[in-house]
Amino acid sequence: MTLPRLSVGFMPLVDAAPVIVAWEMGFARAEGLAIELHRAPSWSSLRDMLAFEAVDAAQVLSPVPVATALGLGGAGVPLQALSVLSVNGNVIGVSRELAAQLRDAGHGFGFDDARVAGEALFAGRDAPLRVGVPFPFSMHFELIRYWLDAVAPGRTVEIRTVPPPLMAEAIGAGEIDAFCVGEPWGSIAVETGVGELLLPGRAIWAGAPEKVLAVRAGRAEAEPARFGALVRALWRAGRWLGQPGSRTTAAELLSRPEYLNVPAEIIDRALTGRLTISGRGEGRHVEGLVAFHGGAAGFPWRSQAAWIGRRMAARAGLDPQAADAAARAVFRSDLHRQMLSGIGAVLPGASEKIEGAVESDHLVAAEDGTLVLRRDRFFDGRVFDPSHPD
Amino acid sequence: MGDKLSIVVVEADRERAHLIVDSLRGTGDHDIRVIAEPSRLARCIAEADPDIVLIDVADPSRDMLEELALASGPLDRPVAMFVDRSRQGLAKAAVEAGVSAYVVDGLRPERLRPVLDAAMARFQMFRQMRSELAATRRALEERKTIDRAKGILMKARGIDEGEAYALLRRTAMDQNRRMADVAEALVTAAGLLS
């Protein structure tokens, strides 16, 4: 018997793990679904593959469906997020020259304090800081802006789009001073000797939704059985990835030529949170560098979408109220909840929360028992209250 | 805007770029520029101020164009990838053919069509060539691995080439695996043990 099939696009990154694992470890088959994986060469082509029906679903940057809803970029085909695939997972790095300057000025590369690291970047600097990010609509872009606008108000930060495979080249050629990129590309910059790591993305926002499962609007409602099976398989894949015993297998799987084509040892660094930050082999441990499960990691909170939408609207000069409403509508917490009902997934009772309010992991009431909410603080202690956004 | 269209082709390979420019010339007397260096993309496009930008779908530097597609980018005129819904069929065909086109808002479809048709035909051909090349390479690699595995078996078990081949094929069938995979496992294992 041939199984019903869905094609899913992905980018070769560590956080493509849920879609790869859902297929390779049999979670999709157990749900009666076959997944056909398509690797994409760039974020814009992945978005267009989805828009023009070359794939049924895709792992996309969480701001992409929001940007589409606001009419920014893309082909105007509305997209919706059914699940969050990963929380956090980016790293910020600097060129070797800038790293040397920071060390000379006494910065210790503590890898945990975004304010200290951000102030160090601008101490004694007159020139603008040029930062490479993979895509204009990305959590990378949002994190860099949020962080540097707060620690260095009034200073010039030029954010440039540099595709991850070209990031090392760009920093080596002196076209950018720093970057924010998803693993394994930060570790690859360290390995090739062109850069050093300064901070994990989660030091800026500890609860940043990084990648989402996106579909064309209306598709999931039209075929709830097939897309429900996909969402459940991805949830099971995330739970499996959350177990420490799975990491070695996951790193081996991802390292295959048809997926990331990068040595398993480098992928393992992101999965275990044990990063090598410089060519001298200095190590730093980051708990939850990238998270696939726990604390309702997969739940597409409408408040996360609202945060992204409001920040984009402010930059593009759009009406914040309208952007807020449009953004919320693309994070389908309602469908996510329906699709995961009855399989033992602990889901929150609410669909929005105050972002940045959880100082340390704690228990809250959920639909089905209790749920651990994970730390989700912004580095500057501000919160985003979706009902009083200003 | 006169009759001439200003077209930018982003393509690092000189030979491919020539072929694309040739087929575009066949559609009219256009002003065509080729950009080979991804790092100079933004500056070159700002200088050329094109009506159409063509780039291979598989080119990772395409994401850099996305920045320019924002209205506040270095271009005065907004560039979009077929934002117009009525042209969605055309956009889909282009993506399938392997070319992405960024087009200045307001460019009339009848002016765009011939240029895009020519580009699509050309990129479709490149795509076919690329997948044929990849398939040939893979087949060649697999043949090499199978030859090495045969050699290992012949030496280790004192059998001739025909027997070694038969043994590999039988093992692959028994295990429901591809012969190239069995050969590769054997070569890896032999490497570890030697």
Side-chain angles (χ1 to χ4, degrees), chain A residues 9 11-12 38-55 61 64 67-68 70-78 132-138 140-141 158-167 169-176 185 216 257-258 312 315-318, chain B residues 10 12 37-43 45 53 55-74 78-103 105 120 123 127 130 134 137-138 141-142 180-181 184:
Chain A
M11 282 286 279
H38 291 267
R39 185 168 71 176
S42 64
W43 286 115
S44 35
S45 69
L46 182 52
R47 182 199 54 206
D48 297 341
M49 279 161 71
L50 184 59
F52 300 126
E53 301 169 27
V55 291
L61 297 152
V64 164
T68 307
L70 302 188
L72 300 168
V77 177
V133 300
F135 204 57
F137 313 113
S138 60
H140 315 71
F141 190 105
E158 287 173 19
I159 302 188
R160 299 189 181 173
T161 305
V162 182
L166 305 178
M167 201 70 89
E169 204 178 301
I171 205 153
E175 285 156 23
I176 47 175
W185 295 102
R216 289 183 294 285
E258 65 268 37
M312 280 183 175
R315 285 195 303 273
L318 304 173
Chain B
V10 183
E37 271 291 307
S39 60
R40 298 181 57 236
L41 211 56
R43 202 170 347 127
I45 288 181
V53 181
I55 183 167
D56 193 321
V57 165
D59 192 331
S61 57
R62 201 197 131 185
D63 280 347
M64 294 176 168
L65 288 174
E66 206 62 25
E67 205 166 73
L68 310 180
L70 294 169
S72 56
V79 175
M81 193 191 136
F82 305 116
V83 172
D84 192 342
R85 292 289 193 89
S86 61
R87 290 187 222 156
Q88 221 181 72
L90 190 56
K92 190 179 171 190
V95 167
E96 276 165 8
V99 59
S100 307
Y102 286 76
V103 180
D105 251 0
M120 272 157 57
F123 278 87
R127 174 172 270 203
R130 193 161 43 204
R137 262 200 205 126
R138 204 164 42 240
E141 283 301 316
E142 289 185 350
D181 294 339
E184 177 148 10

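Naming: A, B, ... by sequence-line order, numbering from 1 per chain.
For B:Glu142, the CD atom is densely surrounded, since the number of other residues' heavy atoms within 6.0 Å is greater than 12.
Interface remark: A:Pro134 contributes backbone atoms only to the contact with chain B (heavy atom separation under 4.5 Å).
Taking each heavy atom of A:Ser42 and B:Pro60 in turn, the nearest pair found is CB-O, 4.0 Å. Among all heavy-atom pairs drawn from A:Pro163 and B:Met64, the shortest one is CD-CE, 3.5 Å.
The salt bridge (Lys or Arg N to Asp or Glu O under 4.0 Å) test applied to A:Glu175 returns no partner, not counting sequence neighbours.
For the side-chain contact (heavy atoms from CB on, under 4.5 Å) test with B:Asp63, the passing option among A:Thr161, A:Leu166, A:Val162 is A:Thr161; the others fail.
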